[in-house]
Amino acid sequence: VKYTLYYFEFEGRGFPIRLAFHHGNVDFDDVRLSSSDFGDQKSSFPFASVPVLRVSEDGKDDRVFAQSNALLRFVGRQVGLYPDKPMDALVVDELMDAVEDIANALFLAPPTNDAVVKDAMQQKLVEVTLPRFLGGIESKLEANKDLGGPFLLGETLTVADLKLHTVVGQLRGWSLVPSTVVDPYPRILSLHKAVDDLPIVKDYRKKYA
Ligand SMILES: N[C@@H](CCC(=O)N[C@@H](CS)C(=O)NCC(=O)O)C(=O)O
C-alpha cells in the first residue's frame, strides 16, 4: 500500500497525521500544497478541503479520503496510537472532536477589516467559545487524572494527544486571540509539553519542519 497525504506546508490539521505516520515508521508521500496548488486541486478533493489521504493498492484504483479525524484514526489504528477498547476509543474520539470544534471556531471566523466586528469576534472567542471547549477538555483531563498522565489515557500516547498538542500551538500563534489564551489550563499545558518533549516530535521537527 502506498499513502499520499495532501496538506499545506504549515502544521494545522495535517501535523498530527504526519506525526502518527512518523511514529509508526510508515512511509508516506507528504505532499505540501501551496495555496495555488490547493486552488488547482481543490475540486478533486472529497469535500474541497485538506487533509486528504490517497491510498494506492496494487491492482486496485486509488481511493481518496478526507476528514482529519477519520484519517487520524485510520493511521492511529495501524501504528498503535488508537485504543482497541471501545470506552478508551470514546475518550479519544470525544477529545478529537472537541479540538475540531475549536479549530472550526478559529478558522471559520470570517476575515474582516472592520475593527468593531473583529473586536466582537475576538471577545466571543476569548470569553465564550474557548473557555467552553478548553475548559471542557481540562475537566476531561482532570477526570482522568488517576490514570497518572502525562497523556489523556495515562502513559499511553494516542492520536488525541497529538491532535490536542497541535491546536495548542495554533492557539498560541493565532492573531485573533492572545497567546496566553491556554495559560489558565494547567493539564492541557502539561499534556502539550509532554507531547512536545517526545523524541518522535523533536525528531520530526528536526527532519521536516
Ligand atoms: N472537517 C474537516 C475540515 C477541513 C478543513 O477545513 N481544512 C482546511 C485546512 S485546515 C481547508 O481545506 N481550507 C481551505 C478551504 O476550505 O478552502 C477536517 O477535519 O478535515
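What's counted below: heavy atoms across the whole structure, side chains too, no hydrogens, waters or symmetry copies. We count ligands from 1, going down the list as the structure has it; atoms in each ligand are counted the same way. Note that this is a predicted model, so its numbers are computed, not measured.
Taking a cutoff of 4.0 Å between a charged side-chain nitrogen and a carboxylate oxygen, Arg32 and Asp30 qualify as a salt bridge. For the pair Arg73 and Asp93, the salt-bridge criterion is met [side-chain N within less than 4.0 Å of a carboxylate O].
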Could you walk me through whether Lys193 and Asp197 pass the salt bridge (charged side-chain N to carboxylate O under 4.0 Å, His left out) test, one step at a time?
CA-CA 6 Å; Lys193 181 160 184 347; Asp197 287 345; 2.5 Å; yes

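Counting only N and O atoms by type, the side chains of Ser68 and Lys163 include a donor and acceptor under 3.5 Å apart.
Using cut-offs of 30° and 60° for the angle between ring planes, the His22 and Tyr204 rings count as perpendicular.
Listed by chain and number, residues touching ligand 1 at under 4.0 Å (heavy atoms only) are Tyr7, Phe8, Arg13, Phe38, Lys42, Ser49, Val50, Pro51, Gln67, Ser68, Glu100.
Every side chain to side chain donor-acceptor pair (under 3.5 Å) that Asp196 has, sequence neighbours left out, goes to His165, Arg205.
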